[in-house]
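Presented below is the structure to which this report refers.
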Amino acid sequence: MNELHPLGKLLLSVLYIFIVVSFDKYKVVPLIVMSVYPFFGFIAGELSFKEGIYRMRLILPLVLFVGIFNPFFDKQIVGMIGSVPVTGGVLSMFTVMLKGFYSVLAVYILIATTSIDDICYALRILHLPKVLAIVILLIYRYFGIMAIEADRIMTAYKLRAPHQNGIHYKAWGTLVGQWLLRSMDRAENVYESMLLRGFTGDFRIRKKKVRIADILYPIIWLLAFAFVRYSGFFG
């Protein structure tokens with residue numbers, strides 16, 4: 001899985017998200033079947049599901065609570081679970097949560113099994129403007145540096161206000177401004193270092209050969225997705 005061509009994995013992830021989102025809001029069974037792809041991705045990519053959930057802990061709550069108010073707006077009964085009536089709002093809430101959950105998992109699998117260099121290489125093959133690909137690459141590489149700068153600012157603030165619990169809301173604007181200024185200074189230093197190392201406006205990315213497995217992998221999955229989506233076999 002980690003050695004597959006990045007273009008196939010990128011296209012497959014995007015198409016998987018589009019197909020998952022395209023399901024009707026009451027189609028629960030086909031959506032449950034679509035969970036095969038992320039489960040396979042975690043197994044084949046040798047990824048830890050527990051670690052993946054931990055890394056996505058800030059995003060998943062936002063995704064899962066998107067349809068939390070659906071039961072209050074759609075109260076029409078569409079089925080029964082034993083003697084308990086199930087409304088359309090409950091079904092649509094469940095499907096919306098599944099769609100968001102699957103989409104986040106698909107993106108995580110892509111990032112975890114594909115380096116940022118390979119992802120940008122795949123984007124360049126799709127004729128994404130060179131500037132955008134370079135910006136994505138630099139943001140990913142130097143996001144950690146921005147986090148370090150933010151940590152330094154927060155540490156300095158805590159040293160100056162040791163008895164204060166958290167950061168006062170009046171200081172938020174000042175601290176964000178300082179973070180921006182420090183990031184700009186660091187960006188200038190990084191850019192000058194890149195120029196000294198021969199940066200000419202583009203990164204040299206080693207091209208990858210396309211193998212039979214690189215072609216069969218996305219085709220087989222796309223056929224499986226199309227069968228689940230359009231065959232009507234799963235309702």
Side-chain angles (χ1 to χ4, degrees), residues 1-25 27-47 49 51-53 55-56 58-64 66-67 92 94-141 143 203 205-231 234:
M1 178 104 179
N2 296 302
E3 296 178 357
L4 291 173
H5 197 280
L7 180 60
K9 289 190 287 185
L10 176 63
L11 293 177
L12 183 61
S13 300
V14 173
L15 291 175
Y16 174 78
I17 294 174
F18 274 108
I19 293 175
V20 164
V21 174
S22 70
F23 278 99
D24 186 79
K25 60 182 179 180
K27 297 291 185 179
V28 178
V29 176
L31 275 176
I32 295 177
V33 176
M34 293 292 287
S35 65
V36 174
Y37 173 71
F39 278 116
F40 175 85
F42 273 90
I43 295 174
E46 299 180 353
L47 305 175
F49 187 77
E51 182 180 356
I53 297 297
R55 289 187 175 184
M56 296 180 290
L58 299 178
I59 301 176
L60 285 178
L62 300 176
V63 173
L64 295 179
V66 169
S92 61
F94 186 65
T95 55
V96 168
M97 289 181 176
L98 282 180
K99 292 176 181 179
F101 184 60
Y102 291 166
S103 300
V104 174
L105 288 183
V107 174
Y108 175 77
I109 292 171
L110 174 65
I111 295 175
T113 59
T114 314
S115 66
I116 187 62
D117 294 328
D118 289 341
I119 293 177
C120 291
Y121 170 64
L123 293 174
R124 291 293 301 276
I125 295 177
L126 296 175
H127 298 288
L128 183 78
K130 180 176 64 176
V131 175
L132 292 180
I134 294 176
V135 168
I136 294 173
L137 185 62
L138 291 177
I139 288 176
Y140 184 88
R141 285 184 174 180
F143 188 77
F203 289 99
I205 301 177
R206 185 176 60 182
K207 296 183 179 181
K208 293 183 173 292
K209 295 181 179 180
V210 179
R211 302 168 300 173
I212 297 178
D214 299 326
I215 300 175
L216 292 179
Y217 179 77
I219 290 178
I220 292 174
W221 275 113
L222 289 176
L223 291 176
F225 297 159
F227 177 76
V228 176
R229 178 64 178 85
Y230 298 107
S231 66
F234 299 98

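Just so it is clear, the structure is predicted and the values come from calculations on it, not from any experiment.
Scanning both residues, T113 and G45, for their nearest heavy atoms gives CG2-CA, 4.2 Å. Nearest heavy atom pair, residue L110 against residue S13, reads CB-OG, 3.7 Å. Between K9 and M1, the shortest heavy-atom contact is NZ-O, 3.1 Å. Nearest heavy-atom pair, P218 versus L12, reported as atom, atom and distance to 0.1 Å: O-CD1, 4.0 Å. Closest heavy-atom contact between A213 and L4: O-CD2, 4.0 Å. The two residues V21 and S103 make their nearest non-hydrogen contact at CG2-OG, 4.3 Å.
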Task: Chi angles and distances behind the side-chain contact (heavy atoms from CB on, under 4.5 Å) call for N2, E46 - done: CA-CA 9 Å; N2 296 302; E46 299 180 353; 5.6 Å; no
TODO: Give the C-alpha distance, both sets of side-chain angles, the deciding distance and a yes or no for side-chain contact (heavy atoms from CB on, under 4.5 Å) between M56 and F101.
DONE: CA-CA 10 Å; M56 296 180 290; F101 184 60; 5.7 Å; no
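Here F23 pairs with I19, K27, P30, L31, M34, K99, V228, R229 under the side-chain contact (heavy atoms from CB on, under 4.5 Å) rule; sequence neighbours left out. F39 meets the side-chain contact (heavy atoms from CB on, under 4.5 Å) test with S35; sequence neighbours excluded.
The OH atom of Y230 sits 5.5 Å away from atom OG of S22, with the distance rounded to the nearest 0.5 Å. In this structure, CZ on F94 lies 5.0 Å from CD1 on I32, to the nearest 0.5 angstrom. Once rounded to the nearest 0.5 Å, the distance linking CG of L11 with CD1 of I125 reads 9.0 Å. The line from OH of Y16 to CG of L105 is 7.5 Å long, rounded to the nearest 0.5 Å. To the nearest 0.5 Å, the span separating CG on L123 from CG on L132 amounts to 9.0 Å. A distance of 6.5 Å separates CG of L10 from CG of L7, quoted to the nearest 0.5 Å.
For the side-chain hydrogen bond (donor to acceptor under 3.5 Å, both in side chains) condition, the pairs that include at least one residue of residues 211-223, sequence neighbours left out, are R211-D214.
Heavy atoms from other residues, nucleotides or ligands lying under 6.0 Å from CG of L223 number more than 12. The environment of F18 atom CZ is sparse: at most 12 non-hydrogen atoms of other residues, nucleotides or ligands sit within 6.0 angstrom.
Between F42 and F49, the two ring planes are perpendicular [angle over 60°; tilted spans 30° to 60°].
Looking only at side-chain heavy atoms (C-beta outward), I116 and I136 come within less than 4.5 Å of each other.
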